[in-house]
Amino acid sequence: MKLHSLLFALTSALTLAGSTAAVAHAQGALYVNPIAVRASNSTADTSTFAFLGKGDTSRMFYGVNIGGYYDIPMQNKSIEVGIDVHDANLHGNNALLNSFLLGPRIAFRTDARLHPYINPEFGAGTTRAPNTAIKVNKIEYGIWAGADYNISRRVNWRVLEVGYSRLSTASAATIGATTPIPSATLFTITTGLTFRLP
């Protein structure tokens with residue numbers, strides 16, 4: 001997913017959320033954070049199209065996670081509901097993994113500076129195996145949870161975010177062979193800074 005597509009989606013989401021009556025109290029933020037993903041599969045793919053590598057059942061991928069969120073405070077001041085959208089671009093063993101995801105965000109506000117949140121999300125996952133130019137696009141879905149620590153009025157430290165998702169990756173099965181390869185499990189870890197909008 002190209003950057004301009006992400007920015008368009010984020011702008012559209014913020015515009016939609018901003019049309020509600022609670023906009024005066026809304027809180028949005030942008031982030032660009034490092035990300036690591038462990039992709040694993042219970043069945044090894046031995047074909048040329050093996051996303052994890054021929055005969056491998058797991059692989060680490062590293063890259064950058066670009067996105068943003070928009071929270072709308074509820075009548076209950078301790079909970080905010082909004083939307084999160086992000087695009088993660090990762091590489092490992094000359095293979096490509098790109099996840100463009102969006103979904104609802106539920107944040108919990110307490111008297112402390114630490115604010116936990118949870119995001120069930122879905123979207124498009126794109127994968128390319130190490131030795132081919134063929135990209136496979138499939139639906140990706142999962143759940144992410146983390147906590148932001150308030151450093152200043154405009155900056156949060158994303159202490160840790162972990163995620164679990166499922167994606168049918170490039171393989172003999174998705175390219176067209178009859179060999180069944182199940183969806184891969186993606187375990188995600190990211191950290192960094194979020195920058196709150198005025």
Side-chain angles (χ1 to χ4, degrees), residues 1-38 60-92 97-126 140-165 186-198:
M1 181 67 63
K2 294 188 177 178
L3 181 58
H4 70 274
S5 299
L6 172 65
L7 293 177
F8 175 77
L10 181 58
T11 303
S12 299
L14 296 180
T15 301
L16 178 64
S19 65
T20 67
V23 71
H25 305 289
Q27 179 68 66
L30 299 174
Y31 53 86
V32 179
N33 296 153
I35 185 171
V37 172
R38 182 182 184 273
M60 289 299 300
F61 292 83
Y62 303 94
V64 62
N65 190 34
I66 303 171
Y69 65 80
Y70 198 82
D71 287 339
I72 301 169
M74 310 301 288
Q75 206 162 24
N76 180 345
K77 300 291 186 182
S78 63
I79 298 177
E80 293 179 345
V81 176
I83 186 169
D84 179 272
V85 58
H86 63 96
D87 185 68
N89 191 2
L90 305 105
H91 298 271
L97 169 61
N98 182 267
S99 296
F100 179 74
L101 302 163
L102 62 95
R105 169 185 161 90
I106 303 171
F108 304 93
R109 302 294 177 189
T110 65
D111 292 335
R113 290 187 170 190
L114 194 66
H115 306 298
Y117 62 87
I118 187 167
N119 304 337
E121 297 187 343
F122 71 96
T126 302
E140 182 178 347
Y141 59 92
I143 189 163
W144 285 257
D148 289 344
Y149 183 81
N150 180 232
I151 296 175
S152 70
R153 187 166 173 252
R154 295 292 176 211
V155 181
N156 280 350
W157 170 36
R158 178 150 289 176
V159 181
L160 182 67
E161 180 183 88
V162 295
Y164 174 88
S165 62
L186 307 180
F187 181 72
T188 305
I189 298 178
T190 183
T191 186
L193 299 176
T194 65
F195 302 92
R196 294 198 302 278
L197 301 173

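Positions are given from 1 along the sequence. Keep in mind that this is a model prediction, so the values were computed, not measured.
The OG1 atom of T191 sits 11.5 Å away from atom CG of N65, with the distance rounded to the nearest 0.5 Å. Atom CZ of F195 and atom OG of S152 lie 9.0 Å apart (nearest 0.5 Å). With rounding to the nearest 0.5 angstrom, the CG atom of N33 is 13.5 Å from the CD1 atom of I189. With rounding to the nearest 0.5 Å, the separation of CZ in R38 from CZ in F61 is 11.5 Å. Separating the CG atom in D84 from the CG atom in L102 is a distance of 8.5 Å, to the nearest 0.5 Å.
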Inset, instruction - Start with the C-alpha distance between L186 and E140, add both sets of side-chain angles, then the distance that settles side chain to side chain contact (heavy atoms under 4.5 Å, CB included), and finish with yes or no. - result: CA-CA 10 Å; L186 307 180; E140 182 178 347; 3.5 Å; yes
Inset, instruction - Take H115 and E80 through the test side chain to side chain contact (heavy atoms under 4.5 Å, CB included) and record every step on the way to the result. - result: CA-CA 11 Å; H115 306 298; E80 293 179 345; over 6 Å; no
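Heavy atoms only, all atoms of each residue included: G63 and L90 are closest at N-CD2, 3.8 Å. Residues P120 and P104 share a closest heavy-atom pair of O-CD, 3.2 Å. The shortest heavy-atom contact between E121 and L101 is OE1-CB, 3.6 Å. Residues I106 and N119 approach most closely at N-OD1, 4.2 Å, considering heavy atoms. Taking each heavy atom of S165 and W144 in turn, the nearest pair found is CB-CH2, 3.7 Å.
Between D71 and R109, at least one side-chain nitrogen of the basic residue sits less than 4.0 Å from a carboxylate oxygen of the acidic one, meeting the salt-bridge criterion.
No donor-acceptor distance shorter than 3.5 angstrom exists from the side chain of T188 to the backbone of V162, with no hydrogens or angles considered. Side chain of N98 to main chain of A88: a donor-acceptor pair is present (N/O by atom type, distance under 3.5 Å, no hydrogens or angles). Side chain of T190 to backbone of P34: a donor-acceptor contact under 3.5 angstrom is found.
R196 pairs in a side-chain contact (heavy atoms from CB on, under 4.5 Å) with only one of the listed residues (L30, N150, D148), which is N150. Looking at V85, T126, N89 one by one, the single match for side-chain contact (heavy atoms from CB on, under 4.5 Å) with F100 turns out to be V85.
Aromatic ring orientation, H86 versus Y31: tilted (interplanar angle from 30° to 60°).
Within the 4.5 Å cutoff, the side chain of Y117 has heavy atoms near those of the E161 side chain. Taking 4.5 Å as the limit, every side-chain heavy atom of V37 sits out of range of all side-chain heavy atoms of F187.
Annotation for F108: atom CZ counts as buried by contact number, over 12 foreign heavy atoms lying within 6.0 Å.
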